[in-house]
Amino acid sequence: IVRASGIMNAPFKDNCDIHMLVDDPNIVYRLKPNATGFCTGINIKINSYGFRDYEYKINKNKGTFRIAMIGDSMTFGKGVELEDTFTKQLEGMLNKGGNKKYEVLNFGVYGYNTLQERATLEKYALNFSPDLIIVIYILNDPAEIMDIHSEIPYIPIISELRPLLNNLYFYRYAARNYANIKKKLQGGSSYEEKILDFYEDGTIGWERTEGNLQGIQNITQKEGISALLVIFPTLYKLNDYPFTAIHEKVKINAQKQGFYVLDLLQYFEGLDERELWVDAFEDRHANKKANLIAAKAIYDDLMKKGLV
């Protein structure tokens, strides 16, 4: 009942072995081709090319306009069905009426930062001859490349069982709460402080992010493809949002680099964030409703800018 209501994902066992390590320091890991898994309460299927989407042909059909969507878990659609991701909802909106066929390919991978997104564009996405690149920018993108085996904090007394326990929803929930309590007791940085620290002038993370975004723009210019940077707000304190200045900083930087830019904050600001989460008790990833808001905003912006 709780799962069906959309309030939270059912606390059942996950079997989410859908990633693989790769011998590329700019990517480190990717989605495993043809993998299937049960991840955050959702059945996941990875196509033969190693991304979460339908089985598209590399060579697009004549008259097809193809968009490559690059990003992290928000783009991947953590906790939502494939058809409910903003990628697929956007594809559906574009294909309503008209003679042109649109394909919106989802190259999102959980935990990716801008370096990995740049490498994904160059190594994989360009093989599909996209006519437009959309980069979904998340405020934690300046972070280091994550270790996919250490996403979940561990409880020391049972750490030896961690590889097995990481697949249990109850354990993940308990572990995150344990980590949050431990952080508070030790005086660790708050979530807000961590995000704000990423964007201090001169920090390695922000300088690296600027460089990777410029790299993405250079690639698209070389290929003669337009690029849209979409800034996706953190679904956190939307009634008193603490990161507005960061959005403006990212927007100004991206525009200087030659990106078209869409800031989604205006579409989410003032809403109740818990109604937009995959899990109202734990997971702040965008649910079906939030994905629809994003898809509609991106659609309207593409039309307004004449990018499709």
Side-chain angles (χ1 to χ4, degrees), residues 2-3 5-9 40-42 69 71-81 84-90 93 108 110-114 134-143 173 176-177 179-180 183-184 188-200 205-206 209 228-255 261-302 304:
V2 176
R3 175 71 180 94
S5 71
I7 295 175
M8 65 179 291
N9 287 308
T40 323
I42 298 293
M69 194 83 76
D72 65 0
S73 53
M74 199 71 84
T75 305
F76 173 89
K78 183 185 177 189
V80 296
E81 301 288 350
D84 295 333
T85 63
F86 56 78
T87 299
K88 295 296 101 182
Q89 293 198 63
L90 173 63
M93 293 173 187
Y110 188 84
Y112 266 19
N113 65 13
T114 49
I134 299 180
V135 180
I136 305 299
Y137 188 89
I138 308 297
L139 298 193
N140 64 359
D141 276 359
Y173 185 79
R176 282 197 176 99
N177 279 287
N180 289 335
K183 186 188 299 181
K184 288 178 180 179
S189 298
S190 69
Y191 173 74
E192 289 184 27
E193 290 171 333
K194 280 190 173 182
I195 295 297
L196 293 169
D197 286 348
F198 280 142
Y199 294 91
E200 291 291 333
W206 174 237
T209 298
L228 171 67
L229 185 83
V230 177
I231 307 171
F232 207 116
T234 299
L235 301 180
Y236 172 81
K237 292 187 178 180
L238 293 175
N239 279 308
D240 187 22
Y241 194 66
F243 307 126
T244 303
I246 292 177
H247 281 246
E248 190 63 20
K249 184 171 188 172
V250 173
K251 178 181 177 180
I252 291 172
N253 177 77
Q255 287 175 331
V261 179
L262 168 63
D263 187 354
L264 293 180
L265 179 57
Q266 60 185 307
Y267 301 95
F268 287 95
E269 201 164 23
L271 299 180
D272 181 352
E273 59 269 13
R274 288 188 177 272
E275 293 184 359
L276 304 172
W277 293 353
V278 162
D279 177 340
F281 297 95
E282 176 198 15
D283 197 324
R284 293 175 182 160
H285 282 84
N287 62 14
K288 179 180 179 179
K289 178 180 178 180
N291 273 270
L292 177 59
I293 293 171
K296 183 65 168 63
I298 295 171
Y299 174 84
D300 289 343
D301 194 66
L302 293 177
K304 180 180 179 181

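Note that the structure is predicted; figures quoted are calculated from it, not measured. Excluded from the calculations below are hydrogen atoms, water molecules and symmetry mates; all remaining heavy atoms, backbone and side chain alike, are included. Residues: numbered from 1 along the sequence shown.
Of all the heavy atoms in M74 and A286, the pair that sits closest is SD-N, 3.4 Å. For L264 against P233, the heavy-atom pair with the smallest separation is CB-CD, 3.7 Å.
Ring geometry, Y236 versus F243: the interplanar angle falls under 30°, so the pair is classed parallel (tilted spans 30 to 60°).
Considering only heavy atoms from C-beta on, I293 comes within 4.5 Å of L276 through its side chain. L90 is listed as a side-chain neighbour of M69, based on a closest heavy-atom distance under 4.5 Å. Within the 4.5 Å cutoff, no side-chain heavy atoms of K304 are placed close to those of D300. Within the 4.5 Å cutoff, no side-chain heavy atoms of D72 are placed close to those of I136. Between D141 and Y112, every side-chain heavy-atom pair lies at or beyond the 4.5 Å cut-off. Two residues are said to be in side-chain contact when any heavy atoms from C-beta on lie closer than 4.5 Å; L196 and I246 meet this criterion. A 4.5 Å side-chain heavy-atom check between L265 and I231 finds every atom pair outside the cut-off. Counting heavy atoms from C-beta on, the side chains of N253 and V250 never come closer than 4.5 Å.
The backbone N or O of L139 sits less than 3.5 Å from a side-chain atom of Y199, completing a donor-acceptor pair. Although no hydrogens or angles enter the test, the distance criterion places a donor-acceptor pair under 3.5 Å between the side chain of N291 and the main chain of F86. Remark: side-chain polar atoms of K288 are not paired, donor with acceptor, to backbone N or O of V80 under 3.5 angstrom. Between the side chain of E275 and the main chain of D272, no donor-acceptor pair closer than 3.5 Å is present. Remark: side-chain polar atoms of N287 are paired, donor with acceptor, to backbone N or O of W277 under 3.5 angstrom. Between the side chain of S73 and the backbone N or O of F76, no donor-acceptor pair lies under 3.5 Å. At distances below 3.5 Å, not a single donor-acceptor pair connects side-chain atoms of N113 with backbone N or O atoms of P142. With hydrogens and angles ignored, the 3.5 Å screen pairs a side-chain donor or acceptor of Y241 with a backbone N or O of T234.
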Ring pair (Phe, Tyr, Trp, His ring centres under 6.0 Å) assessment of F232 paired with F268: CA-CA 9 Å; F232 207 116; F268 287 95; 5.5 Å; yes

Verdict with supporting geometry, E193 and F198, side chain to side chain contact (heavy atoms under 4.5 Å, CB included): CA-CA 9 Å; E193 290 171 333; F198 280 142; over 6 Å; no

Side chain to side chain contact (heavy atoms under 4.5 Å, CB included) evaluation trace for L228 with L262: CA-CA 7 Å; L228 171 67; L262 168 63; 4.2 Å; yes

Worked check of side chain to side chain contact (heavy atoms under 4.5 Å, CB included) between E269 and T244: CA-CA 10 Å; E269 201 164 23; T244 303; 4.3 Å; yes

Steps toward side chain to side chain contact (heavy atoms under 4.5 Å, CB included) verdict (E200, W206): CA-CA 7 Å; E200 291 291 333; W206 174 237; over 6 Å; no

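Separation of atoms NZ (K78) and CG (D279) is listed at 9.5 Å; rounding is to 0.5 Å. In this structure, the separation between CG on D263 and NE2 on H247 is 5.5 Å, given to the nearest 0.5 Å. One distance of note links CZ of R274 with CG of L235; it measures 12.0 Å at 0.5 Å rounding. Rounding to the nearest 0.5 Å places CG of L302 at 11.0 Å from CE of M93.
Checked for salt-bridge contact, D84 and K88 miss the test: no charged N lies under 4.0 Å from a carboxylate O. Ion pairing of E273 with K237 is absent here, as no side-chain N (NZ or NE/NH1/NH2) approaches a carboxylate O to less than 4.0 Å.
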